[in-house]
Amino acid sequence: MHLRIDPKPGRILGLVAALALLAGCQQIDNALLPGTSAGSVDGGVQLGSTNFTVPGVTQFPSTGTAVGDRIEQLRDELEDLQDMVRSENETLQTVRSNVRTNAVAYNQTVAAINTRLQVGTTPGNPNLVSSWEQARAQLDQINTDASRLTGLMSEVSGSSAMAGFLLEATQATFTVRGAVDADHQQLAVLQDETRQTAITIDRLMNELTTDVSRTSGFLAAERNNLTTLAVAVDNGQYIGTSLASLSSGVPAPPPFGGAQSLVGTREPLVVIRFDRANVNYDAPLYAAVSAALERRPNAAFDVVSVSPGSTQARLNSARGRQNAERVVRSLANMGLPLDRIGLAATSSPAVQVDEVYVYVR
């Protein structure tokens with residue numbers, strides 16, 4: 001697949017059919033992020049839903065023995081522990097609600113931006129810039145919520161340790177001399193309630209750990225998507241989600257080296273001509289690179305600056321390399337990891353102006 005980006009406004013040679021197909025597939029409903037929708041109840045974060053409750057502590061009359069006094073002490077400590085668990089559960093439910101609310105609002109903001117971009121707008125539209133800033137603030141709030149979840153893990157871990165201590169202490173009390181039958185009956189009930197409390201804490205910790213992981217993953221993906229969206233707003237053209245989502249978890253190939261040798265021997269994926277100040281290449285470049293990654297997720301890309309072969313033109317090779325570095329920055333802003341991008345420079349008598357070739361590796 002070969003895409004040539006011509007400097008004349010609106011003129012793109014090659015891959016016209018592919019880009020038309022891409023535009024046709026990207027309906028307004030798909031302006032939302034993958035796996036999310038503005039109307040979903042959790043904004044795509046998929047947090048847990050369990051409301052954790054503890055069994056309570058059964059009260060008994062004192063037996064009047066030393067063992068009975070110890071049982072009352074353990075019972076008080078279990079009540080304190082259960083109060084802590086109730087507070088931790090309340091915090092969890094509050095933060096979950098905040099994350100869901102902020103995630104839905106964030107997705108709605110991003111959806112509105114992408115819808116406007118698909119319909120068509122001006123580069124750097126100040127209204128969309130303002131909406132983008134709003135989306136970033138909403139994502140920052142989710143990050144704050146994620147920090148609260150992480151802090152809550154430490155609190156629940158302390159509760160889990162306390163539950164373990166109470167279980168051991170209750171078991172040890174069975175061996176204390178001087179107990180009456182009623183003491184052991186009360187101990188059996190207390191031991192059962194302590195075990196149930198410990199199980200509840202373990203389940204809380206498991207869901208909390210999953211919530212932290214999912215929230216962190218959501219934030220990482222949306223930070224990349226938001227960076228790519230900034231490129232789209234700056235160009236006034238819909239692009240898509242971050243390229244990182246197409247290459248995530250797939251090892252990058254080893255560095256190629258000597259990519260300039262590909263010029264003239266292999267057809268590039270993209271050719272961008274720089275014979276004027278501002279060449280609008282982001283949208284077609286994204287389309288070509290994302291299509292390549294969909295076919296081969298482990299692909300990497302070599303960006304080669306190609307300057308004219310004349311002596312005078314070679315004096316401008318530094319400018320040509322700057323153009324190539326611009327393309328590299330664009331790819332990075334679209335979410336392509338830097339370890340998947342190579343940079344090289346060469347000259348050729350076959351070109352009349354500075355060009356940048358992008359090859360698939």
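The residues of the chain are indexed from 1 along the displayed sequence. Predicted, not measured: the structure shown is a model, and the values here were computed from it.
L262 and Y359 make their closest contact through O-OH, 3.3 Å (heavy atoms, listed as atom of the first residue, atom of the second, distance). Residue I113 comes nearest to W132 through the heavy atom pair CD1-N, 3.6 Å, listed as atom of the first residue, atom of the second, then distance. Of all the heavy atoms in L219 and A146, the pair that sits closest is CD1-CB, 3.8 Å. Between V45 and A103 the shortest heavy-atom distance is CG2-CB, 3.6 Å. Across all their heavy atoms, A299 and L293 have their closest contact at O-CD2, 3.9 Å. In this structure, S307 and G320 approach most closely via the heavy-atom pair OG-CA, 4.4 Å.
Legend: side-chain hydrogen bond (donor to acceptor under 3.5 Å, both in side chains) pairs involving residues 197-207, not counting sequence neighbours, sorted by first then second residue: T50-E207, Q82-T197, R96-E207. Evaluation of the side-chain hydrogen bond (donor to acceptor under 3.5 Å, both in side chains) test over residues 146-170, restricted to residues two or more places apart or in two chains, returns E88-S159. Judged as a salt bridge (Lys or Arg N to Asp or Glu O under 4.0 Å), the pairs with a partner in residues 125-134 (not counting sequence neighbours) are, in order, E133-R136. Applying the salt bridge (Lys or Arg N to Asp or Glu O under 4.0 Å) test to pairs two or more places apart or on separate chains, those with a residue in residues 61-83 are D83-R86. For the ring-ring contact (aromatic ring centres under 6.0 Å, His included) condition, the pairs that include at least one residue of residues 177-217, sequence neighbours left out, are F174-H184.
Side-chain contact of D181 with Q185: a donor-acceptor pair under 3.5 Å is absent, judged by distance alone. Under the 3.5 Å distance criterion, with hydrogens and angles disregarded, a donor-acceptor pair is assigned to the side chains of E355 and Y357. In this structure, a donor-acceptor pair under 3.5 Å is present between the side chains of E193 and T58. Remark: the N143 side chain and the R223 side chain contain an N/O donor-acceptor pair separated by less than 3.5 Å. Side-chain contact check for D192 and Q196: at least one donor-acceptor pair (N or O, by modelled atom type) lies under 3.5 Å. N333 and T227 are not linked by any side-chain donor-acceptor pair at a separation below 3.5 angstrom, with hydrogens and angles left out of the test.
With sequence neighbours left out, Q352 forms a side chain to side chain contact (heavy atoms under 4.5 Å, CB included) with no residue at all. Residues meeting the side chain to side chain donor-acceptor pair (under 3.5 Å) test with R296, sequence neighbours left out: none. By the side chain to side chain donor-acceptor pair (under 3.5 Å) test, T121 pairs with N125, sequence neighbours left out. Residues passing the side chain to side chain contact (heavy atoms under 4.5 Å, CB included) test with P337, sequence neighbours excluded: S247, D339, R340. Not counting sequence neighbours, F60 has no partner by the ring pair (Phe, Tyr, Trp, His ring centres under 6.0 Å) test. Residues passing the side chain to side chain contact (heavy atoms under 4.5 Å, CB included) test with N224 are S242, A244, sequence neighbours excluded. Considering only residues two or more places apart in sequence or on other chains, N235 meets the side chain to side chain donor-acceptor pair (under 3.5 Å) condition with D282.
In this structure, T228 contributes its side chain and M334 its backbone to a donor-acceptor pair below 3.5 Å. One N or O on the side chain of S131 and one on the backbone of N127 form a donor-acceptor pair closer than 3.5 Å. Panel note: side chain N102, backbone N98; a donor-acceptor pair is recorded below 3.5 Å. A donor-acceptor pair under 3.5 Å is formed between the side chain of D183 and the backbone N or O of V180. Looking only at distances, a side-chain donor or acceptor of S290 sits under 3.5 Å from a matching main-chain atom of A287. Remark: side-chain polar atoms of S130 are not paired, donor with acceptor, to backbone N or O of P126 under 3.5 angstrom. T215 contributes no side-chain N or O that, together with a main-chain N or O of V212, makes up a donor-acceptor pair within less than 3.5 Å. Under a 3.5 Å cut-off, the side chain of Y286 and the backbone N or O of T241 do form a donor-acceptor pair.
Within the 4.5 Å cutoff, no side-chain heavy atoms of V110 are placed close to those of N225. Looking only at side-chain heavy atoms (C-beta outward), L92 and L149 come within less than 4.5 Å of each other. In this structure, R273 and V279 have side chains that are not in contact, with every pair of non-hydrogen atoms separated by 4.5 Å or more. The side-chain heavy atoms of V304 and V356, taken from C-beta on, include no pair separated by under 4.5 Å. Residues D140 and Y106 fail the side-chain proximity criterion, which asks for heavy atoms closer than 4.5 Å.
Between R321 atom CZ and R326 atom CZ the span is 15.5 Å, to the nearest 0.5 Å. In this structure, the separation between CG on L74 and CD on Q191 is 11.0 Å, given to the nearest 0.5 Å. Interatomic distance, Q138 CD to T101 OG1, rounded to the nearest 0.5 Å: 11.0 Å. The CD atom of E222 sits 7.0 Å away from atom CG of L139, with the distance rounded to the nearest 0.5 Å. Rounding to the nearest 0.5 angstrom, the gap separating the OG1 atom in T94 from the CG atom in L152 is 10.5 Å. Between the CD1 atom in I239 and the CG atom in L229 there is a gap of 8.5 Å [rounded to 0.5 Å].
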Give the C-alpha distance, both sets of side-chain angles, the deciding distance and a yes or no for side-chain hydrogen bond (donor to acceptor under 3.5 Å, both in side chains) between Q118 and N114.
CA-CA 6 Å; Q118 287 182 324; N114 280 328; over 6 Å; no

Item checked: V156 vs F52, side chain to side chain contact (heavy atoms under 4.5 Å, CB included): CA-CA, chis, key distance, verdict -> CA-CA 12 Å; V156 176; F52 298 93; over 6 Å; no

Practice task
Please lay out, stage by stage, how F301 and L269 fare under the test side chain to side chain contact (heavy atoms under 4.5 Å, CB included).
Solution key: CA-CA 9 Å; F301 301 86; L269 176 71; 4.0 Å; yes

